[in-house]
Novice: 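Dumping the structure here so I can ask a few things about it.
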Amino acid sequence: MLPDEFGVPAYGANTLADVLPSVAAALGVPVHRGDLPADPLDLTPALGGARRVAVLLVDGLGADLVAAHPHEAPVLNALGTPAGVLSAPCPSTTPVSLTTLGTGLPPGSHGVLGFVTAVPGEARTLNHVHWGDDPDPRQWQAQPTVFEQATAHGVSCTAVGPHSFRGSGLTRAAYRGADYADAYTAGDLVAGMHAALRAGDRSLVYGYTADLDLTGHLRGVDSPSWRAQLAIVDRLVEQLAAGLPEDAVLLVTGDHGMLDVPDSTRLDVDEEPGLLDGVSLLAGEPRARYVHAEPGAADDVLAAWRSVIGHRGWVAGRDEAIATGVFGDVDPALAGRIGDVVALARGTWAFTAGTQEPHGSVLTAYHGSLTPVELAVPLLAARGRALT
(Lines give C-alpha, C1' and ligand atoms only; values in the text may rest on other atoms or scores of the structure.)
Protein backbone atom coordinates (compact mmCIF):
# COMPACT_ATOMS: atom_id res chain seq x y z
CA MET A 1 0.00 0.00 0.00
CA LEU A 2 1.24 3.48 -0.85
CA PRO A 3 2.07 5.89 1.99
CA ASP A 4 -0.74 8.28 2.90
CA GLU A 5 1.27 11.29 1.76
CA PHE A 6 1.65 9.93 -1.78
CA GLY A 7 -0.83 10.78 -4.51
CA VAL A 8 -2.08 8.53 -7.31
CA PRO A 9 -2.48 10.46 -10.58
CA ALA A 10 -6.13 10.33 -11.68
CA TYR A 11 -5.54 9.66 -15.37
CA GLY A 12 -8.66 10.50 -17.35
CA ALA A 13 -9.74 13.13 -14.82
CA ASN A 14 -7.18 15.84 -13.97
CA THR A 15 -3.64 15.02 -15.07
CA LEU A 16 -1.23 16.21 -17.74
CA ALA A 17 -2.55 13.38 -19.89
CA ASP A 18 -5.91 15.14 -20.00
CA VAL A 19 -4.83 18.58 -21.23
CA LEU A 20 -4.35 18.14 -24.97
CA PRO A 21 -7.34 15.82 -25.48
CA SER A 22 -9.58 18.53 -24.01
CA VAL A 23 -7.85 21.24 -26.05
CA ALA A 24 -8.34 19.13 -29.17
CA ALA A 25 -12.01 18.61 -28.32
CA ALA A 26 -12.48 22.38 -28.08
CA LEU A 27 -10.93 22.66 -31.56
CA GLY A 28 -13.33 20.03 -32.93
CA VAL A 29 -10.88 17.11 -32.94
CA PRO A 30 -11.87 13.75 -31.43
CA VAL A 31 -8.87 12.15 -29.71
CA HIS A 32 -8.80 8.38 -29.29
CA ARG A 33 -7.31 7.27 -25.96
CA GLY A 34 -8.69 3.84 -25.18
CA ASP A 35 -11.12 3.75 -22.28
CA LEU A 36 -10.25 7.25 -21.08
CA PRO A 37 -12.73 10.08 -21.75
CA ALA A 38 -12.12 12.18 -24.84
CA ASP A 39 -12.74 15.54 -23.11
CA PRO A 40 -11.97 15.08 -19.41
CA LEU A 41 -11.29 18.72 -18.49
CA ASP A 42 -14.21 20.23 -20.45
CA LEU A 43 -12.17 23.24 -21.51
CA THR A 44 -14.57 24.33 -24.25
CA PRO A 45 -16.35 26.94 -22.08
CA ALA A 46 -13.03 28.33 -20.83
CA LEU A 47 -11.61 28.51 -24.34
CA GLY A 48 -14.70 30.47 -25.39
CA GLY A 49 -14.74 29.65 -29.08
CA ALA A 50 -11.01 30.06 -29.59
CA ARG A 51 -9.71 28.63 -32.83
CA ARG A 52 -6.07 28.93 -31.80
CA VAL A 53 -4.61 27.49 -28.61
CA ALA A 54 -1.07 27.83 -27.30
CA VAL A 55 0.13 25.50 -24.55
CA LEU A 56 3.31 26.56 -22.78
CA LEU A 57 4.98 23.97 -20.57
CA VAL A 58 7.47 25.43 -18.10
CA ASP A 59 9.79 22.69 -16.89
CA GLY A 60 9.75 22.57 -13.09
CA LEU A 61 6.72 24.85 -12.66
CA GLY A 62 5.00 23.24 -9.70
CA ALA A 63 1.63 24.63 -8.61
CA ASP A 64 2.74 25.01 -4.98
CA LEU A 65 5.87 26.88 -6.06
CA VAL A 66 3.86 29.37 -8.13
CA ALA A 67 1.40 30.02 -5.30
CA ALA A 68 4.23 30.54 -2.80
CA HIS A 69 5.83 33.33 -4.87
CA PRO A 70 3.18 35.91 -5.75
CA HIS A 71 5.71 38.78 -5.82
CA GLU A 72 8.02 37.06 -8.29
CA ALA A 73 5.12 35.73 -10.40
CA PRO A 74 2.25 38.24 -10.31
CA VAL A 75 1.11 37.44 -13.85
CA LEU A 76 1.00 33.70 -13.27
CA ASN A 77 -0.84 34.16 -9.99
CA ALA A 78 -3.44 36.41 -11.66
CA LEU A 79 -4.31 34.04 -14.51
CA GLY A 80 -7.49 32.02 -14.59
CA THR A 81 -7.56 28.36 -13.55
CA PRO A 82 -9.98 26.62 -15.92
CA ALA A 83 -9.41 23.13 -14.50
CA GLY A 84 -7.71 23.78 -11.17
CA VAL A 85 -4.50 22.03 -10.18
CA LEU A 86 -3.48 19.01 -12.24
CA SER A 87 -1.28 16.03 -11.44
CA ALA A 88 1.96 15.06 -13.08
CA PRO A 89 2.32 11.37 -13.97
CA CYS A 90 4.47 8.78 -12.22
CA PRO A 91 7.39 9.12 -12.09
CA SER A 92 7.09 12.91 -11.86
CA THR A 93 9.93 13.60 -14.25
CA THR A 94 10.34 15.44 -17.54
CA PRO A 95 10.49 12.70 -20.23
CA VAL A 96 7.50 10.92 -18.69
CA SER A 97 5.51 14.14 -18.37
CA LEU A 98 6.27 15.43 -21.86
CA THR A 99 5.24 12.17 -23.47
CA THR A 100 2.15 11.97 -21.26
CA LEU A 101 1.15 15.47 -22.37
CA GLY A 102 1.89 14.83 -26.04
CA THR A 103 0.09 11.50 -26.32
CA GLY A 104 -2.75 12.18 -23.90
CA LEU A 105 -2.01 8.79 -22.35
CA PRO A 106 -0.66 7.48 -19.04
CA PRO A 107 2.94 6.22 -18.89
CA GLY A 108 1.81 2.61 -18.78
CA SER A 109 0.28 3.07 -22.23
CA HIS A 110 2.94 5.14 -24.02
CA GLY A 111 5.97 3.39 -22.51
CA VAL A 112 8.23 6.30 -21.56
CA LEU A 113 8.25 5.15 -17.96
CA GLY A 114 11.19 6.97 -16.42
CA PHE A 115 14.07 9.38 -16.86
CA VAL A 116 16.26 6.31 -17.39
CA THR A 117 14.77 2.87 -18.03
CA ALA A 118 16.07 -0.53 -18.95
CA VAL A 119 15.87 -1.68 -22.55
CA PRO A 120 14.40 -5.14 -21.97
CA GLY A 121 16.48 -8.02 -23.25
CA GLU A 122 19.53 -5.87 -24.04
CA ALA A 123 21.27 -5.43 -20.66
CA ARG A 124 21.45 -1.66 -21.09
CA THR A 125 19.56 1.47 -20.14
CA LEU A 126 18.03 4.31 -22.13
CA ASN A 127 18.34 7.91 -20.95
CA HIS A 128 15.29 9.53 -22.56
CA VAL A 129 16.84 13.02 -22.50
CA HIS A 130 19.94 11.84 -24.43
CA TRP A 131 17.99 9.66 -26.87
CA GLY A 132 18.60 9.67 -30.59
CA ASP A 133 17.61 6.82 -32.93
CA ASP A 134 18.27 3.79 -30.74
CA PRO A 135 15.78 2.41 -29.99
CA ASP A 136 13.58 3.67 -32.82
CA PRO A 137 11.27 6.30 -31.25
CA ARG A 138 8.30 5.12 -33.33
CA GLN A 139 8.68 1.62 -31.97
CA TRP A 140 9.63 2.53 -28.39
CA GLN A 141 6.65 4.92 -28.20
CA ALA A 142 4.19 3.53 -30.72
CA GLN A 143 1.01 5.35 -29.69
CA PRO A 144 -0.30 8.21 -31.87
CA THR A 145 0.18 11.66 -30.39
CA VAL A 146 -2.55 14.26 -30.02
CA PHE A 147 -0.63 16.36 -32.57
CA GLU A 148 -0.89 13.58 -35.16
CA GLN A 149 -4.61 13.26 -34.57
CA ALA A 150 -5.17 17.02 -34.68
CA THR A 151 -3.13 17.39 -37.88
CA ALA A 152 -5.23 14.67 -39.50
CA HIS A 153 -8.30 16.82 -38.76
CA GLY A 154 -6.90 19.95 -40.38
CA VAL A 155 -5.39 21.71 -37.35
CA SER A 156 -2.02 23.38 -37.87
CA CYS A 157 0.26 21.96 -35.15
CA THR A 158 3.64 23.37 -34.15
CA ALA A 159 6.05 22.57 -31.32
CA VAL A 160 8.43 25.41 -30.44
CA GLY A 161 11.42 24.39 -28.36
CA PRO A 162 15.20 24.34 -27.97
CA HIS A 163 17.21 23.82 -31.14
CA SER A 164 19.10 20.99 -29.40
CA PHE A 165 15.85 19.01 -29.08
CA ARG A 166 15.10 19.01 -32.81
CA GLY A 167 14.94 15.44 -34.08
CA SER A 168 15.70 13.86 -30.70
CA GLY A 169 14.09 10.59 -29.75
CA LEU A 170 12.01 12.27 -27.06
CA THR A 171 10.81 14.98 -29.46
CA ARG A 172 9.72 12.36 -31.97
CA ALA A 173 8.04 10.26 -29.30
CA ALA A 174 6.12 13.12 -27.68
CA TYR A 175 5.52 15.71 -30.42
CA ARG A 176 5.42 13.87 -33.74
CA GLY A 177 2.72 15.23 -36.00
CA ALA A 178 3.71 18.80 -35.10
CA ASP A 179 6.12 20.90 -37.12
CA TYR A 180 9.17 21.74 -35.01
CA ALA A 181 10.31 25.37 -34.73
CA ASP A 182 13.64 26.16 -33.07
CA ALA A 183 13.77 28.60 -30.17
CA TYR A 184 17.22 29.86 -29.17
CA THR A 185 16.18 32.32 -26.44
CA ALA A 186 13.11 33.26 -24.41
CA GLY A 187 12.33 36.05 -26.86
CA ASP A 188 12.65 33.63 -29.73
CA LEU A 189 10.19 31.29 -28.00
CA VAL A 190 7.63 34.10 -27.65
CA ALA A 191 7.99 35.22 -31.26
CA GLY A 192 7.94 31.66 -32.56
CA MET A 193 4.75 30.78 -30.69
CA HIS A 194 3.04 33.97 -31.83
CA ALA A 195 3.95 33.28 -35.45
CA ALA A 196 2.81 29.66 -35.28
CA LEU A 197 -0.54 30.66 -33.76
CA ARG A 198 -1.38 32.60 -36.90
CA ALA A 199 -0.96 29.59 -39.21
CA GLY A 200 -4.00 27.92 -40.72
CA ASP A 201 -7.67 28.24 -39.88
CA ARG A 202 -7.20 26.41 -36.55
CA SER A 203 -3.91 26.04 -34.75
CA LEU A 204 -2.43 24.20 -31.78
CA VAL A 205 0.97 25.47 -30.66
CA TYR A 206 3.10 23.90 -27.96
CA GLY A 207 6.05 25.69 -26.36
CA TYR A 208 8.68 24.45 -23.92
CA THR A 209 11.21 26.22 -21.70
CA ALA A 210 13.67 24.43 -19.40
CA ASP A 211 15.57 27.15 -17.50
CA LEU A 212 13.44 27.17 -14.33
CA ASP A 213 14.00 23.45 -13.81
CA LEU A 214 17.73 23.74 -14.50
CA THR A 215 18.07 26.61 -12.03
CA GLY A 216 16.20 24.67 -9.36
CA HIS A 217 18.33 21.58 -9.80
CA LEU A 218 21.59 23.52 -9.59
CA ARG A 219 20.81 26.26 -7.05
CA GLY A 220 17.78 24.98 -5.17
CA VAL A 221 14.14 25.88 -5.10
CA ASP A 222 13.57 29.35 -3.61
CA SER A 223 17.22 30.29 -3.98
CA PRO A 224 17.79 33.87 -5.21
CA SER A 225 18.68 32.41 -8.61
CA TRP A 226 15.48 30.37 -8.78
CA ARG A 227 13.28 33.28 -7.72
CA ALA A 228 14.91 35.52 -10.33
CA GLN A 229 14.32 32.85 -12.97
CA LEU A 230 10.67 32.55 -11.96
CA ALA A 231 10.32 36.29 -12.50
CA ILE A 232 11.75 35.83 -16.00
CA VAL A 233 9.19 33.09 -16.67
CA ASP A 234 6.45 35.43 -15.45
CA ARG A 235 7.59 38.10 -17.89
CA LEU A 236 7.72 35.54 -20.70
CA VAL A 237 4.11 34.55 -20.00
CA GLU A 238 3.10 38.22 -19.90
CA GLN A 239 4.63 38.74 -23.34
CA LEU A 240 2.97 35.64 -24.74
CA ALA A 241 -0.42 36.71 -23.43
CA ALA A 242 -0.03 40.29 -24.70
CA GLY A 243 0.64 39.15 -28.26
CA LEU A 244 -2.12 36.57 -28.63
CA PRO A 245 -4.26 36.75 -31.76
CA GLU A 246 -7.81 37.81 -31.02
CA ASP A 247 -9.18 34.28 -31.41
CA ALA A 248 -6.48 32.60 -29.30
CA VAL A 249 -6.06 31.31 -25.75
CA LEU A 250 -2.81 30.62 -23.91
CA LEU A 251 -2.62 27.75 -21.42
CA VAL A 252 0.37 27.49 -19.07
CA THR A 253 1.34 24.33 -17.22
CA GLY A 254 4.34 22.50 -15.79
CA ASP A 255 5.68 18.96 -15.92
CA HIS A 256 6.37 18.51 -12.17
CA GLY A 257 7.22 20.39 -9.01
CA MET A 258 10.48 19.91 -7.13
CA LEU A 259 12.04 20.13 -3.68
CA ASP A 260 15.44 20.68 -2.11
CA VAL A 261 17.24 17.62 -0.76
CA PRO A 262 19.73 18.36 2.04
CA ASP A 263 22.85 16.27 2.53
CA SER A 264 21.28 14.71 5.61
CA THR A 265 18.57 12.97 3.56
CA ARG A 266 20.72 11.47 0.82
CA LEU A 267 21.46 7.76 0.70
CA ASP A 268 24.13 6.70 -1.79
CA VAL A 269 23.14 3.27 -3.05
CA ASP A 270 26.64 2.62 -4.39
CA GLU A 271 28.08 2.83 -0.88
CA GLU A 272 25.40 0.96 1.06
CA PRO A 273 26.56 -2.61 1.85
CA GLY A 274 24.46 -5.28 0.16
CA LEU A 275 22.12 -2.91 -1.66
CA LEU A 276 23.48 -3.72 -5.11
CA ASP A 277 23.95 -7.46 -4.52
CA GLY A 278 22.08 -9.32 -7.25
CA VAL A 279 21.38 -6.09 -9.16
CA SER A 280 21.97 -6.12 -12.91
CA LEU A 281 20.88 -2.55 -13.74
CA LEU A 282 20.09 0.55 -11.71
CA ALA A 283 17.71 2.89 -13.54
CA GLY A 284 15.29 5.71 -12.77
CA GLU A 285 16.66 8.67 -10.81
CA PRO A 286 17.34 9.59 -7.17
CA ARG A 287 13.71 9.99 -6.09
CA ALA A 288 12.23 7.28 -8.33
CA ARG A 289 14.45 4.22 -8.61
CA TYR A 290 13.97 1.20 -10.84
CA VAL A 291 16.15 -1.73 -9.76
CA HIS A 292 16.59 -4.64 -12.16
CA ALA A 293 17.69 -7.93 -10.64
CA GLU A 294 19.83 -10.70 -12.00
CA PRO A 295 17.89 -13.86 -12.93
CA GLY A 296 16.44 -15.49 -9.83
CA ALA A 297 17.48 -12.66 -7.50
CA ALA A 298 14.37 -10.43 -7.57
CA ASP A 299 13.01 -11.54 -4.18
CA ASP A 300 16.38 -11.08 -2.46
CA VAL A 301 16.88 -7.65 -4.04
CA LEU A 302 13.40 -6.58 -2.95
CA ALA A 303 14.06 -7.74 0.62
CA ALA A 304 17.40 -5.92 0.74
CA TRP A 305 15.97 -2.64 -0.55
CA ARG A 306 13.03 -2.81 1.85
CA SER A 307 15.37 -3.46 4.76
CA VAL A 308 17.85 -0.70 3.94
CA ILE A 309 15.46 1.98 2.66
CA GLY A 310 12.99 1.50 5.52
CA HIS A 311 11.11 4.70 6.38
CA ARG A 312 13.00 6.68 3.73
CA GLY A 313 10.83 5.47 0.87
CA TRP A 314 8.18 3.14 -0.47
CA VAL A 315 9.67 -0.04 -1.92
CA ALA A 316 7.65 -2.57 -3.91
CA GLY A 317 8.00 -5.30 -6.48
CA ARG A 318 7.01 -4.55 -10.06
CA ASP A 319 3.59 -6.22 -9.90
CA GLU A 320 2.69 -4.47 -6.65
CA ALA A 321 3.76 -1.10 -8.05
CA ILE A 322 1.69 -1.61 -11.19
CA ALA A 323 -1.34 -2.68 -9.15
CA THR A 324 -1.43 0.70 -7.35
CA GLY A 325 -2.38 2.39 -10.63
CA VAL A 326 0.32 5.06 -10.43
CA PHE A 327 1.38 4.34 -14.03
CA GLY A 328 -2.19 3.96 -15.30
CA ASP A 329 -3.02 0.68 -17.00
CA VAL A 330 0.30 -0.87 -18.00
CA ASP A 331 0.60 -2.62 -21.34
CA PRO A 332 2.14 -6.04 -20.54
CA ALA A 333 4.58 -5.55 -23.41
CA LEU A 334 5.97 -2.46 -21.64
CA ALA A 335 6.11 -3.75 -18.07
CA GLY A 336 9.74 -4.85 -18.34
CA ARG A 337 10.80 -1.21 -18.54
CA ILE A 338 9.78 -0.91 -14.88
CA GLY A 339 12.29 -2.36 -12.43
CA ASP A 340 11.86 -5.66 -10.62
CA VAL A 341 11.98 -3.33 -7.61
CA VAL A 342 10.51 0.19 -7.49
CA ALA A 343 11.70 2.62 -4.80
CA LEU A 344 9.95 6.00 -4.46
CA ALA A 345 11.42 8.48 -2.00
CA ARG A 346 9.43 9.87 0.92
CA GLY A 347 9.91 13.29 2.50
CA THR A 348 13.10 14.90 1.19
CA TRP A 349 15.03 11.66 0.75
CA ALA A 350 16.96 10.83 -2.41
CA PHE A 351 18.66 7.58 -3.40
CA THR A 352 21.72 8.85 -5.22
CA ALA A 353 24.38 6.79 -6.97
CA GLY A 354 27.62 8.72 -6.75
CA THR A 355 29.72 6.29 -8.78
CA GLN A 356 27.20 5.50 -11.50
CA GLU A 357 25.61 8.97 -11.71
CA PRO A 358 28.22 11.46 -10.46
CA HIS A 359 26.57 14.51 -12.05
CA GLY A 360 23.07 13.72 -10.82
CA SER A 361 24.28 13.14 -7.27
CA VAL A 362 25.50 16.71 -6.72
CA LEU A 363 22.26 18.53 -7.55
CA THR A 364 20.44 20.63 -4.96
CA ALA A 365 16.79 19.97 -5.83
CA TYR A 366 15.11 16.85 -7.21
CA HIS A 367 11.75 15.42 -8.25
CA GLY A 368 10.34 12.11 -9.44
CA SER A 369 8.31 10.77 -6.53
CA LEU A 370 4.63 11.10 -5.57
CA THR A 371 4.64 13.78 -2.87
CA PRO A 372 2.13 16.62 -3.36
CA VAL A 373 4.76 19.23 -4.19
CA GLU A 374 6.18 17.04 -6.95
CA LEU A 375 2.82 16.03 -8.45
CA ALA A 376 0.88 19.31 -8.37
CA VAL A 377 1.16 21.36 -11.58
CA PRO A 378 -0.92 24.38 -12.57
CA LEU A 379 -3.19 24.86 -15.55
CA LEU A 380 -3.51 28.60 -16.13
CA ALA A 381 -5.26 30.49 -18.93
CA ALA A 382 -4.97 33.86 -20.68
CA ARG A 383 -7.28 34.90 -23.52
CA GLY A 384 -6.84 37.02 -26.63
CA ARG A 385 -8.30 40.52 -26.47
CA ALA A 386 -11.42 39.74 -28.51
CA LEU A 387 -12.19 36.73 -26.26
CA THR A 388 -11.74 38.59 -22.98
Side-chain angles (χ1 to χ4, degrees), residues 16-17 20 32-34 57 59 88-149 151 159 161-180 206 208 210 255-256 279-285 288-295 298 318-319 321-322 326-342 353 356-357 359-360 368:
L16 278 178
L20 290 189
H32 302 287
R33 54 200 304 248
L57 188 142
D59 201 325
C90 178
S92 54
T93 196
T94 298
V96 181
S97 288
L98 299 191
T99 312
T100 297
L101 179 80
T103 61
L105 296 170
S109 296
H110 61 63
V112 178
L113 281 151
F115 192 87
V116 176
T117 63
V119 180
E122 298 190 19
R124 65 184 177 105
T125 58
L126 169 64
N127 183 318
H128 287 100
V129 171
H130 301 295
W131 176 19
D133 296 317
D134 181 22
D136 183 340
R138 288 186 174 272
Q139 295 179 6
W140 188 256
Q141 196 299 93
Q143 299 292 337
T145 70
V146 176
F147 300 110
E148 287 177 303
Q149 296 178 70
T151 298
H163 168 72
S164 58
F165 287 8
R166 173 181 286 275
S168 73
L170 182 58
T171 293
R172 284 179 283 168
Y175 312 146
R176 62 174 175 259
D179 293 331
Y180 196 85
Y206 165 81
Y208 171 83
D255 55 345
H256 53 73
V279 173
S280 61
L281 289 173
L282 183 69
E285 58 189 290
R289 282 294 177 199
Y290 290 152
V291 188
H292 294 265
E294 295 172 354
R318 177 189 294 129
D319 291 344
I322 290 173
V326 295
F327 307 111
D329 291 337
V330 177
D331 183 335
L334 306 176
R337 302 178 190 182
I338 300 169
D340 294 296
V341 174
V342 177
Q356 299 180 60
E357 302 168 355
H359 298 295

Novice: Atom NE2 of H110 and atom CD of Q143: how far apart are they, to the nearest 0.5 Å?
Specialist: 9.5 Å

Novice: Is the closest side-chain heavy-atom distance between L98 and L170 below 4.5 Å?
Specialist: yes

Novice: If we only count heavy atoms from C-beta on, is the R124 to D134 side-chain gap below 4.5 Å?
Specialist: yes

Novice: So L20 and L101, do their side chains get closer than 4.5 Å, heavy atoms only?
Specialist: yes

Novice: Looking at CG of D340 and OH of Y290, how far apart are the two atoms once the value is rounded to the nearest 0.5 Å?
Specialist: 12.5 Å

Novice: Taking all non-hydrogen atoms of both residues into account, name the closest pair between A173 and P137 and its distance.
Specialist: N-CB, 4.4 Å

Novice: A side-chain contact here means heavy atoms from C-beta on lying under 4.5 Å apart; do V129 and P95 qualify?
Specialist: yes

Novice: How about T93 and E285: does a side-chain donor come under 3.5 Å of a side-chain acceptor?
Specialist: yes

Novice: If you measure from the Lys or Arg side-chain nitrogens to the Asp or Glu carboxylate oxygens, is any gap between R337 and E122 under 4.0 Å?
Specialist: no

Novice: Does D136 have more than 12 heavy atoms from other residues, nucleotides or ligands lying within 6.0 Å of its CG?
Specialist: yes

Novice: Search all heavy atoms of F327 against all heavy atoms of C90 and return the closest pair with its distance.
Specialist: CD2-O, 3.4 Å

Novice: Closest heavy-atom contact between P91 and G114?
Specialist: CG-CA, 4.3 Å

Novice: Looking only at atom types and distance, does a side-chain atom of R318 sit under 3.5 Å from a main-chain N or O of I338, one as donor and one as acceptor?
Specialist: yes

Novice: Rounded to the nearest 0.5 Å, what separates atom CG in L282 from atom CD in Q356?
Specialist: 5.0 Å

Novice: I want to check something: taking the side chain as every heavy atom from C-beta on, are P106 and D329 in contact at a cut-off of under 4.5 Å?
Specialist: no

Novice: Can you give me the closest heavy-atom contact between G284 and E357, atom names plus distance?
Specialist: O-OE2, 4.4 Å

Novice: Which distance, rounded to the nearest 0.5 Å, do you find between the CG of L57 and the CG of D255?
Specialist: 5.0 Å

Novice: Within a strict 4.5 Å, meaning less than it, do heavy atoms of the V279 and H292 side chains meet?
Specialist: no

Novice: Do T100 side-chain atoms and V96 backbone N/O form a donor-acceptor pair below 3.5 Å?
Specialist: yes

Novice: How far does CG of L113 sit from NE2 of H128, to the nearest 0.5 angstrom?
Specialist: 7.5 Å

Novice: Going through the distances and angles, do V146 and Y206 end up as a side-chain contact (heavy atoms from CB on, under 4.5 Å)?
Specialist: CA-CA 11 Å; V146 176; Y206 165 81; over 6 Å; no

Novice: Taking all atoms of both residues into account, what is the closest heavy-atom pair of T125 and V119, and its distance?
Specialist: C-CG2, 4.1 Å

Novice: Scan side-chain atoms only and decide if Y180 and Y175 contain a donor-acceptor pair under the 3.5 Å cut-off.
Specialist: no

Novice: Working to the nearest 0.5 angstrom, can you tell me the gap between T99 OG1 and L16 CG?
Specialist: 11.0 Å

Novice: Does some side-chain heavy atom of T103 sit less than 4.5 Å from a side-chain heavy atom of Q141?
Specialist: yes

Novice: Any salt bridge between R138 and D133, counting N to O under 4.0 Å?
Specialist: no

Novice: Does R176 reach the main-chain N or O of P144 with its side chain, forming a donor-acceptor pair under 3.5 Å?
Specialist: no

Novice: Regarding H256 and T94, is there a side-chain donor-to-acceptor distance under 3.5 Å anywhere?
Specialist: yes

Novice: What heavy-atom pair brings L126 and P135 nearest, and what distance separates the two atoms?
Specialist: CD2-CD, 3.8 Å

